[in-house]
2 protein chains.
Amino acid sequence: MTFGDWMQSTQSGVESRLDQFLPAADAVPHKLHAAMRYALLGGGKRVRPLLVMAAGELFDADQDTLARAACALEMIHVYSLVHDDMPCMDDDALRRGKPTVHIAYDEATALLVGDALQSQAFMLLADGAAIPPARQMAMIKLLAHASGSAGMCGGQAIDLDSVGLALSLPQLEQMHQLKTGALLRAAVILGALAGKELTPDDMTALNAYARAVGLAFQVVDDVLDATADSATLGKTAGKDAAANKPTYVSILGLEPSKALAEQLRCDAHAALAPFGDKARRLRELADLVVQRKA
Amino acid sequence: MTFGDWMQSTQSGVESRLDQFLPAADAVPHKLHAAMRYALLGGGKRVRPLLVMAAGELFDADQDTLARAACALEMIHVYSLVHDDMPCMDDDALRRGKPTVHIAYDEATALLVGDALQSQAFMLLADGAAIPPARQMAMIKLLAHASGSAGMCGGQAIDLDSVGLALSLPQLEQMHQLKTGALLRAAVILGALAGKELTPDDMTALNAYARAVGLAFQVVDDVLDATADSATLGKTAGKDAAANKPTYVSILGLEPSKALAEQLRCDAHAALAPFGDKARRLRELADLVVQRKA
């Protein structure tokens, strides 16, 4: 199967599992459930689910467990976008080419959509029953850690506090390792854990891969924010510069940022060497992250 | 030990475990962690933790598991208060006698405090290791269900949509069963699950108790909102009437509401009959919920 076909079939599989794992639109309370579905369905590159599925393929993981992990991660990611877009945070009206949740509904609903999606993510993982409970517990622990104040939320807090500051490159990297890196790493490790207990060597290799892909993702985001238009991105372009936020482009410049992304792509490939050809999809995803246009 | 002494020693035990289960104030990001500690520590009646500990006592539960469940529930409860107080929801400046988080810090921080506390709650439960993993998983599932769109968040959504509407008594009850009842029920069941697998009879009795206490809690809240002053409550009094929200007092009147609370207290006692004297603390907590002055 070509990478393109694999990606498309994985994305459409994730879409239908997300639909199935969400409360029905006609379940009470209607408006909240409709807004949760609006936020989650029908858009997005599904990068985290793709990473989960690719890492799972490497370790012949159980398919139901993988689907739950992929959808749980996407729910956490989307809840963070919904909250991030609110007026008290980034105040953004456009996401994935559609009005953001607080615009399409209202702010209170957006707040609750995010809160309820986070609960739903943990319910999904706790509901699975195909792998040993101890490993399932490790997956829940990992998701909670990656989502909370030592992970994604912590990164957002640092991001808020860094507006207008001259961050050093290591400080910028630390912020992104938490803000987006923690969840991307969780995607890789959750997919692998759905397959087997990880050896220290597995963990070292997967962490190195995830670190490179996570940083590359952010560097490319910054490059695109500086070079692409809103229609292509499906969200407001040029926001970071306008908000005086430190980015790779503002610190390193455009061309060095592109070179860094390419270097990180090579690092990601190198980290996967121990796994041979079976890590093909993870390699192709590293390429996708760096070479994407939106 | 008198109930008063038990309550005080339990509250202070919960306070010190909450302190221990939260990230240190000097851990990065400082402001987020300081705000999480500000929101969670040093206040509150700790009704949910008290219910967890009392239900655990009934089934000789493991103490570490109980403490984790008690603190996880309190984290969920407090995150919901922090979000509920934000300008886009209830817009309240006072909570537990202190400025609310978005006033003491800022709105974006309040949003992240709530998000991170929810993650932290699931991490706490997943980190425990003293009971069989399958029972631990049941606890996580229950907490996720009680917190999400079919529980607390769902109740808040119904609450938002009911402002200015003439709710019937059953509609009001349904809203409260989700908004506050789901978490109070989770407190009782989590405490019991920390002790043993529950039989269907246990579950029936505990559910009946939790339902009565949950409703009584809300009826008394409405009575207090209509009769007490802000200084006594530690939060803004008379808000519901001002916001034109349906309450037990607005639907039933003041005296019938008080009589209903007393009836529910008796129902709670009756539900505990099968457990004999060992359910003493749960009985005393039902009394506390109904007879409290704030």
Side-chain angles (χ1 to χ4, degrees), chain A residues 23 27-29 31-33 35-36 76 79-80 83 86-89 102 106-127 129 132-134 136-138 140-158 160-161 174 178, chain B residues 23 27-29 31-33 35-36 76 79-80 83 86-89 102 106-127 129 132-134 136-141 143-158 160-161 174 178:
Chain A
V28 172
K31 184 171 156 195
L32 177 62
H33 287 146
M36 288 168 75
I76 295 283
Y79 111 64
S80 82
H83 281 183
M86 287 178 65
C88 68
M89 300 276 287
H102 69 276
D106 52 68
E107 277 186 60
T109 300
L111 185 57
L112 290 175
V113 160
D115 291 347
L117 282 177
Q118 180 170 188
S119 309
Q120 192 79 15
F122 287 103
M123 193 150 63
L124 258 194
L125 280 189
D127 256 343
Q136 201 179 344
M137 199 70 70
I140 294 174
K141 212 182 295 190
L142 176 63
L143 184 68
H145 194 266
S147 306
S149 72
M152 184 184 73
C153 286
Q156 286 176 306
I158 297 175
L160 280 175
D161 288 341
Q174 190 215 14
L178 294 178
Chain B
V28 172
K31 184 171 156 194
L32 176 61
H33 288 145
M36 288 167 76
I76 295 283
Y79 111 64
S80 81
H83 281 182
M86 288 177 66
C88 67
M89 300 276 286
H102 69 276
D106 52 68
E107 277 187 59
T109 300
L111 185 57
L112 291 176
V113 161
D115 291 347
L117 282 177
Q118 180 169 189
S119 309
Q120 192 78 14
F122 287 103
M123 193 151 62
L124 259 194
L125 281 189
D127 256 343
Q136 202 178 343
M137 200 70 71
M139 293 175 71
I140 295 174
K141 212 182 294 189
L143 184 68
H145 193 266
S147 306
S149 73
M152 184 183 74
C153 286
Q156 287 176 305
I158 297 175
L160 280 176
D161 287 342
Q174 190 214 15
L178 294 178

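Computed from heavy atoms alone, side chains included, the values below leave out hydrogens, waters and symmetry copies. Chain A is the first sequence line, chain B the second, and so forth, proteins listed ahead of strands; every chain is numbered from 1.
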With the side chain counted from C-beta on, respond yes when B:Asp106 and B:Lys31 share a heavy-atom pair under 4.5 Å apart, and no when they do not. yes
When B:Leu124, B:Asp115, B:Leu112, B:Val28 are compared by non-hydrogen pairs under 4.5 Å with chain A, the top option: B:Asp115
Identify which of B:Gly155, B:Ser149, B:Ala157 forms the greatest number of heavy-atom pairs closer than 4.5 Å to chain A. B:Ser149
Quick one: which of B:Met86, B:Gln118, B:Glu107, B:Met89 has the most heavy-atom pairs under 4.5 Å with chain A, could you say? B:Gln118
Nearest atoms (heavy-atom pairs only) where B:Leu178 meets B:Gly154: CD1-C, 4.3 Å
Write down the atom of B:Gly114, the atom of B:His83, and the distance for their closest heavy-atom approach. CA-NE2, 3.4 Å
Residue among B:Leu111, B:Ile158, B:Leu32 with most heavy-atom pairs under 4.5 Å to chain A: B:Leu111
Please classify the contact of A:Met152 with chain B as side chain, backbone, both or neither, using a heavy-atom distance under 4.5 Å. neither
Which bit of B:Asp161 is near chain A, if near means a heavy-atom gap under 4.5 Å: side chain, backbone, both or neither? side chain
Taking side chain as everything from C-beta outward and backbone as N, CA, C, O, which of these in B:Gln136 sits under 4.5 Å from a heavy atom of chain A? Side chain, backbone, both or neither. both
What are the two closest non-hydrogen atoms of A:Ser147 and B:Ser119, and how far apart are they? CB-OG, 3.5 Å
Over 12 non-hydrogen atoms of neighbours within 6.0 angstrom of NE2 in A:His33: yes
Most contacts with chain A, counted as non-hydrogen pairs under 4.5 angstrom, among B:Lys141, B:Met123, B:Gln156, B:Met137: B:Met137
Describe, in one word, how the ring planes of B:Phe122 and A:Phe122 are oriented to each other, choosing from parallel (under 30°), tilted (30 to 60°) and perpendicular (over 60°). parallel
Considering only heavy atoms and a distance below 4.5 Å, find which of B:Ala134, B:Ala126, B:Ser80 pairs most often with chain A. B:Ala126
Heavy-atom pairs under 4.5 Å with chain B: which of A:Leu142, A:Asp127, A:Thr109 has the most? A:Asp127
Answer key: most heavy-atom pairs under 4.5 Å with chain B among A:Pro29, A:Gly148, A:Pro23 is A:Pro29
Mind checking the CD1-CG spacing from B:Ile76 to B:Leu143? Nearest 0.5 Å is all I need. 4.5 Å
